[in-house]
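Input: a single structure, listed below in structure tokens.
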Amino acid sequence: MTIPVKNAEGIARMRAACAIAATVLEELKPLVRPGVATQDLEEAGRAAIARLGARSACYGYQHGSRRYPAHTCISVNEEVVHGIPSLRRVLRDGDIVSLDIVVWHEGYVGDNACTVPVGLISPERARLLQVSREALDLGIQQARVGQRIGDISAAIQQHVEAAGFNVVREMVGHGVGVRMHEPPEIPNFGRRGTGDRIRPGMTLAIEPMVNAGGYRTRTLEDGWTVVTADGSASAHFEHTVLTTDAGPEILTVPRRSGV
Ligand code: MF3
Ligand code: CO
């Protein structure tokens with residue numbers, strides 16, 4: 001499958017969609033504290049997406065015969081991704097919580113995620129967040145015209161494993177544009193110099209998912225929530241990035257004046 005390259009119009013629309021996704025994520029972060037239910041974050045996210053004139057790309061997203069039932073993905077502790085918000089899941093001091101926001105706006109998708117601490121977290125969990133965030137930055141730095149997708153993958157894997165953590169294998173980053181998932185797949189593990197060559201105008205969702213323990217995962221009976229197989233904590237950071245001749249540009253940043 002060839003990797004879509006966006007023209008100026010597509011890039012402008014990607015900028016708008018990604019700015020909205022980033023603004024929603026920024027609005028949710030300060031709401032995270034002990035006593036808040038993940039459903040509270042869902043409701044704030046749903047309202048923010050609507051206020052900014054976008055639609056959730058998660059709500060109704062089809063996988064097999066199932067449709068995702070919420071507008072946000074909120075994953076706590078050992079939940080890796082695709083946690084379904086719930087009134088029963090109340091955040092506690094020491095938890096970590098991943099917020100994943102994907103929006104549609106004027107035919108284009110913006111996708112971003114981050115993991116934040118709830119109250120005071122253990123030093124080991126703080127290190128997990130820091131290393132995962134750094135792995136995303138190192139992956140983004142490899143998204144250079146002329147390099148290959150495997151260069152992104154290898155940079156992420158190397159940093160995570162050097163810290164004693166593991167990257168999830170069953171799910172990968174992806175191209176993003178007129179659909180949430182476009183070619184190429186962007187694994188968080190791999191070898192330098194392999195995979196498709198990066199060209200200008202690609203929009204890539206780079207998203208390390210990092211487990212404090214082993215890399216294996218399983219999906220809960222709800223059909224969506226992915227958890228670590230060994231119950232260890234997991235972190236997830238994601239940006240949508242535009243490749244340009246001048247280097248990678250992170251699109252999932254809020255507009256300075258608001259959106
Ligand atoms: N960022 C997630 C992904 O790329 C969002 C999925 S939305 C859901 O897979 F509907 F699948 F939850
Ligand atoms: Co994604």
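Whatever order the structure lists ligands and atoms in, that order sets their numbers, starting from 1.
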Which atoms of ligand 1 have any heavy atom of [X] under 4.0 Å away?
{"X": "D111", "answer": "1 (N), 4 (O)"}
{"X": "E207", "answer": "4 (O)"}
{"X": "E238", "answer": "1 (N)"}
{"X": "V102", "answer": "1 (N), 5 (C)"}
{"X": "W224", "answer": "11 (F)"}
{"X": "C58", "answer": "7 (S), 10 (F)"}

(request) Could you tell me whether any N, O or S atom belonging to H174 is less than 2.8 Å from the Co ion (ligand 2)? (result) yes
(request) Check whether any N, O or S atom of D100, backbone or side chain, sits closer than 2.8 Å to the Co ion (ligand 2). (result) no
Quick test: of every protein heavy atom, which one is nearest to [atom], and how far off is it to 0.1 Å?
{"atom": "atom 11 (F) of ligand 1", "result": "Y61 CD2, 3.4 Å"}
{"atom": "atom 12 (F) of ligand 1", "result": "C73 SG, 3.2 Å"}
{"atom": "atom 3 (C) of ligand 1", "result": "H181 NE2, 3.4 Å"}
{"atom": "atom 6 (C) of ligand 1", "result": "H82 NE2, 3.5 Å"}

(request) Compute the ring centroids of H159 and F165, then answer whether they are less than 6.0 Å apart. (result) no
For [X], look at atom [atom1] and say whether over 12 heavy atoms of other residues, nucleotides or ligands are found less than 6.0 Å away.
{"X": "E134", "atom1": "CD", "answer": "yes"}
{"X": "E249", "atom1": "CD", "answer": "yes"}
{"X": "R191", "atom1": "CZ", "answer": "no"}
{"X": "R55", "atom1": "CZ", "answer": "no"}

(message) For the residue pair H239 / T252, report whether a side-chain donor-acceptor contact shorter than 3.5 Å exists.
(response) yes
(request) Taking the side chain as every heavy atom from C-beta outward, state whether D93 and V118 have any atom pair closer than 4.5 Å. (result) no
(request) Answer yes or no: is there a side-chain heavy-atom contact under 4.5 Å between V241 and L251? (result) no
(request) Check whether any side-chain N or O of R148 sits under 3.5 Å from a backbone N or O of G195 as a donor-acceptor pair, and report yes or no. (result) yes
(message) If I consider every N, O or S atom in E238, which one ends up closest to the Co ion (ligand 2)? I only need its name.
(response) OE2
(request) Using distance alone, decide if ligand 1 has a nitrogen or oxygen within less than 3.5 Å of any nitrogen or oxygen in D100. (result) yes
(request) Grab the two heavy atoms, one from C58 and one from V102, that are nearest each other, plus how far apart they are. (result) SG-CG2, 3.8 Å
(message) To 10 degrees, how wide is the angle OD2 (D111) to the Co ion (ligand 2) to OE2 (E207)?
(response) 160°
